[in-house]
Amino acid sequence: MSDLLNTLLHDTRLWRGHRQMAVTQTPEPTGFASLDRELGGAGWPRGALSECLLDRPGIGELQLVLPLLQRLTARQKYVFWVSLPFIPYAPALARADIDLSQLVQIDTESRSDLLWTLENCLRSPATGLVLAWPEKLAARDIRRLQLAAEAGQSICILFRDRQQASQSSPAALRLELTPDSQLGLQVNVLKRRGGWPGQSCRLDLAARAGQDTTVIQGPWSRPSGN
Amino acid sequence: MPWLYLHFRHLLLDHIARAHTTTAPLAVLCQGSRQVLQACSRARQLGVGPGTAFKTALNLAPDLVVMQADDDLQSRILEQQAHWLYHCLDRITLYPPDGLLADAGSVRRLYGGLQPLRKRLQKTLDERRLTATLATGPTPLAARLLARAGTDCFTENPDEMTTRLGALPLSATELEEPVLRRLNRLGLSTLAEVQQLPAAELARRLAPETLSHIQRIYGQRPDPQTCWQPPSDFRQRADFGLPVEKAEGLLFALQRNLTELENELRWRQQDTDSLLLILHHYRKQPSRLQIRTTGPEHRADAFLDLLRIRLEQHPLEAPVEALELRVTRFLDRHTTITTDLLNDQPDTGEAWHTLISRLQARLGEQALKHLAPAADHRPEHAWQSHRLTSRRQAEPSDQLPLRPLWLLPHPAPLTVAPEEWLKGPERISGGWWDGQRVLRDYYIARLPGDQLAWVYRDTHQGWFIHGWFG
C-alpha cells in the first residue's frame, strides 16, 4: 500500500463510506414497471428535485408523470404547474382520471418570480408535486430549490433542455428522454441518489395515439413539406 | 352613578410616537401660529416647550418631528381610542378633541370595584403608550372638570367626590371669562363657595346660564348624554409626522395597527379575508392597496406577511404621511370540519390558504388558475380556466374523445411533412352560432423528430399543429 493511502487511512477526518444510509423515504413509484426496476425501486424521490431533459415537446414527457399525477390528486394533494410552455389540455387530463380541482396553473412573468413561486410551493406542506418548465436556471438556484424541496418533503420535477445534460446539477434524479420512431420513450438515468447511474430502459407509449390506428386516405392534398 | 372621564393631555403627540420606532423628539405646532403647543419629554429636555417659536425649536432640536395641530384629525384619533375603551366600558360619549366619558357605575360589579377597573384601564393605556388622566365624578360634567384639572379622584364615595369637586378653583370650572372675573371680585375662589350661594340670587346677579352650569356640575339639573355607537367597520390610522420614504418604515406602524385589528377580531369572534390599506401622500392622490387572503384570517402576523410581500412588489409612489387600515368585511368563525376522525394525515387546509394568499399577493390573483373541461366541440373552447376563489366542481364526463395533453395557444403552421399518419380524420365542425366558425379535419401524426402531434387541415387546405401528445 502506498504511503499516501496509508496516511489517508489513518487520518481521522476521513470517512470510509462503505455503508450507505438506507433510504427511509417511502418511495413514490413512477408507475412504469421497467423504469421502477431501473431506479432500484426508489421511483420519484420525495423531498428532492428531479430533472427530465428533453429536446422537444410531444415525445411523451407528460405520459411519464401521468401515473404520479393520478395518484397524488386522488390523495387530495395539490399539484402546481408553473411556467408552462403550452396549455395543459383539461379534457385530456380529465380523460386520464386526474382530479382537475387539485391542479393549479401558475403563470409567472419574470425569472425571479418563478424562483420565488417554486420555492414557496415546495416549502408548503400542502404541496404534493410541482411541475416546472424553467427557461434557464443557475446551479445556485437549483440548489435553493433542492433545499426548499427537502424542507417541504414534496416532489419537484423540472423539465429542461437536453443541452443541460452535460452540466452538473444538484438534482437527486436526472433522466434523459429521447423518443424513438415506434412512439416509445428511451429513458437514460444520468444520475440518481443512492445508486449508480447509467441504466436505461424503453417505455412503450404508443397507446397515447389511440388503440387502433386507422387513417382514411382521402382525395385531399397532403402536406408535403415546403 | 359614578361617571368616568379620560382626559388625553397630548393625544396627537402619543399618536405620532406610536408610529415611530426611534425616539426622536416630537412636537405639535399650534394651528395658525408658528408656536409649539405640545412637546414630548425628549423635546422638553432639549429646551423645547409649549410656547417656543418654531424656528427656535428647530435650532434647539434639529431632528425635531413636528405635526400641525388639527382638530379634525384629533377627533378621528379620539374615536380610535373609543374603540378599545368600548371593550372595557359601557355608554361612551366622545368629548372632542381630547376626552372620553363613560359610565363606570354599570361595570362596577363586573370588575369587582373601581380600583380593579382603574388597574385594567391603566394597563391598556400603557400597552398603547397613551397618557390620560382618569377621574370619576357624580355627574358627567363633574367628572370632566376633575379630570381636566388633574385631580386624583378615583372613588365611588359621593362625599369624597363632592369634597374634591368643591375644592376646584373657579378657573377650572369652564365658566366664561367675564363671569369668572365678577366672581373673583366678589371674593369667591372655589366651586364650593359659589354652590353655597342661593340659586335665585346667583341667577339674578350673574346669568341664568351660569346657574345652570353650576347645577349641571352638581347634578341638580339633567345633563343627558348621547352614547357613541361603534361603527360596524374597522378603521385605524397612523400618522408619521415626518414623511416615510421606504416601505420598511411603514411596517412598524402597520404591525401596531394589525395588532389592534387582531384584538378587535378576537373580541368580535370574527375573521376577515380582505384588508384595505390606504397610504396618504403629500399633495397627491392616496394609493390604495387591497389585500386578500384566500381563507378567513385573524392573525396579525399573517396579514403583515402578505402586506410585506405586496409592498416589496409595489414600491411606494411617493413619501407616505399617514396610513389607514380599513376592514369592512367580517366573516363568522367556524370550526374546521375534518372529514375523517381517524385521519392521521396532518391537516393541510391552513397551509394551503397561506400558500395561495402569499402567491396571490405577489403574482396577482389572475396568475393562479384552475382548469376544467367545457362543453364544446371546438378544441380551443373545450377547456376553461377559472380563478381559485370560485370553487367549481366539474361534472364528470365519461365520454371524452382522445385528445393531446398539450394544446397550443395558437395553432402553428405545419412546415414539415409528417413521417407517419396514425389516426384520422376526425371532423370537427361547429361555432356557426357565435361567429367563430370551425371546420377542420384532425389527424394524429408523427413528425420528424418523433414528436406526436395533433394536426388539422382547414377549409383553405392549410395544415396546422394544434397540440402535442406530450
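Letters go in sequence order (proteins before strands), and every chain restarts at 1. Worth knowing before you read on, the calculation uses all heavy atoms, side chains too, and leaves out hydrogens, waters and symmetry mates.
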Trainee: Roughly how far apart are B:L422 CG and A:L183 CG, rounded to 0.5 Å?
Mentor: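 Between B:L422 CG and A:L183 CG, I get 5.5 Å after rounding to 0.5 Å.
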Trainee: I need the residue from B:I356, B:V455, B:L368 with the largest number of non-hydrogen atom pairs under 4.5 Å to chain A.
Mentor: B:L368
Trainee: Of the listed residues (A:A96, A:A206, A:P88, A:P85), which shares the most heavy-atom pairs with chain B below a 4.5 Å separation?
Mentor: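 Top option by heavy-atom pairs under 4.5 Å: A:P88.
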Trainee: Could you state the interatomic distance from CZ (A:F86) to CH2 (B:W468), rounded to the nearest 0.5 Å?
Mentor: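 It is 7.0 Å, given to the nearest 0.5 Å.
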Trainee: Would you say B:Q290 has more than 12 foreign heavy atoms packed within less than 6.0 Å of its CD?
Mentor: yes
Trainee: Checking A:L54 against chain B: side chain, backbone, both or neither under 4.5 Å from a heavy atom?
Mentor: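 Neither part, no heavy atoms under 4.5 Å.
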Trainee: Tell me the closest heavy-atom pair linking A:A90 and B:P373, and the distance in Å.
Mentor: CB-N, 3.7 Å
Trainee: Non-hydrogen atoms of chain B under 4.5 Å away: do they reach the side chain of A:L103, the backbone, both or neither?
Mentor: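 Contact with chain B involves the backbone of A:L103 alone.
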Trainee: What is the distance from atom CZ of B:F469 to atom CD1 of A:I59, rounded to the nearest 0.5 Å?
Mentor: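 It is 15.0 Å, given to the nearest 0.5 Å.
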Trainee: Are A:P179 and B:Q451 close enough that some pair of their side-chain heavy atoms sits under 4.5 Å apart?
Mentor: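 No, side chains not in contact.
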Trainee: Restricting to non-hydrogen atoms, name the atom on B:I444 and the atom on A:A209 that form the minimum distance, rounded to 0.1 Å.
Mentor: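 Between these two residues, the closest heavy atoms are CD1-O, 3.8 Å.
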Trainee: Given the options B:K369, B:R362, B:R446, B:E420, which has more heavy-atom pairs under 4.5 Å with chain A than any of the others?
Mentor: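 When all of B:K369, B:R362, B:R446, B:E420 are compared, B:R362 has the most.
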Trainee: Please identify, among A:L205, A:D180, A:L93, A:L84, the residue contributing the most non-hydrogen atom pairs under 4.5 Å to chain B.
Mentor: A:D180
Trainee: Measuring from atom CD of A:Q186 to atom CG of B:D450, what distance do you get when rounded to the nearest 0.5 angstrom?
Mentor: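 Interatomic distance, A:Q186 CD to B:D450 CG, rounded to 0.5 Å: 12.0 Å.
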Trainee: Is there side-chain contact between A:F80 and B:L355, with at least one heavy-atom pair below 4.5 Å?
Mentor: yes
Trainee: Report, as yes or no, whether the 6.0 Å neighbourhood of atom CH2 on B:W433 holds more than 12 heavy atoms from other residues, nucleotides or ligands.
Mentor: yes
Trainee: Suppose a student defines contact as a heavy atom less than 4.5 Å from any heavy atom of chain B. Which residues in residues 104-125 of chain A would they list?
Mentor: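 Answer by number: A:V104, A:Q105, A:I106, A:D107, A:T108, A:S112, A:D113, A:W116, A:T117, A:N120, A:C121, A:S124, A:P125.
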Trainee: Can you establish whether the number of heavy atoms outside B:R288 located under 6.0 Å from its atom CZ is more than 12?
Mentor: no
Trainee: Quick one: which residues of residues 403-411 of chain B reach chain A at under 4.5 angstrom, heavy atoms only?
Mentor: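 Listed by number, the contacting residues are B:R403, B:P404, B:L405, B:W406, B:L407, B:L408, B:P409.
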Trainee: Would you say that more than 12 heavy atoms from the other residues, nucleotides or ligands in this model lie under 6.0 Å from the CZ of A:R144, or not?
Mentor: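 Result for CZ/A:R144: open.
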Trainee: Heavy-atom cut-off 4.5 Å, strictly under: side chain, backbone, both or neither for B:P379 against chain A?
Mentor: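 The answer is both parts of B:P379.
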Trainee: Looking at B:L402 and A:R95, what are the two nearest heavy atoms and their distance?
Mentor: N-NH1, 3.4 Å
Trainee: Is the number of heavy atoms from other residues, nucleotides or ligands under 6.0 Å of B:H377 NE2 greater than 12?
Mentor: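 Atom NE2 in B:H377 is not packed in, count stays at 12 or less.
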Trainee: Below 4.5 Å from any heavy atom of chain B, which atoms of A:T178 appear? Answer side chain, backbone, both or neither.
Mentor: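 Interface part for A:T178: neither.
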Trainee: Identify which part of A:L64 has an atom lying under 4.5 Å from any heavy atom of chain B, answering side chain, backbone, both or neither.
Mentor: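 Neither the backbone nor the side chain of A:L64 comes within 4.5 Å of chain B.
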Trainee: Checking B:I465 against chain A: side chain, backbone, both or neither under 4.5 Å from a heavy atom?
Mentor: neither
Trainee: Using every non-hydrogen atom in the two residues, find where B:A382 and A:Y89 come nearest and quote the distance to one decimal.
Mentor: CB-OH, 3.5 Å
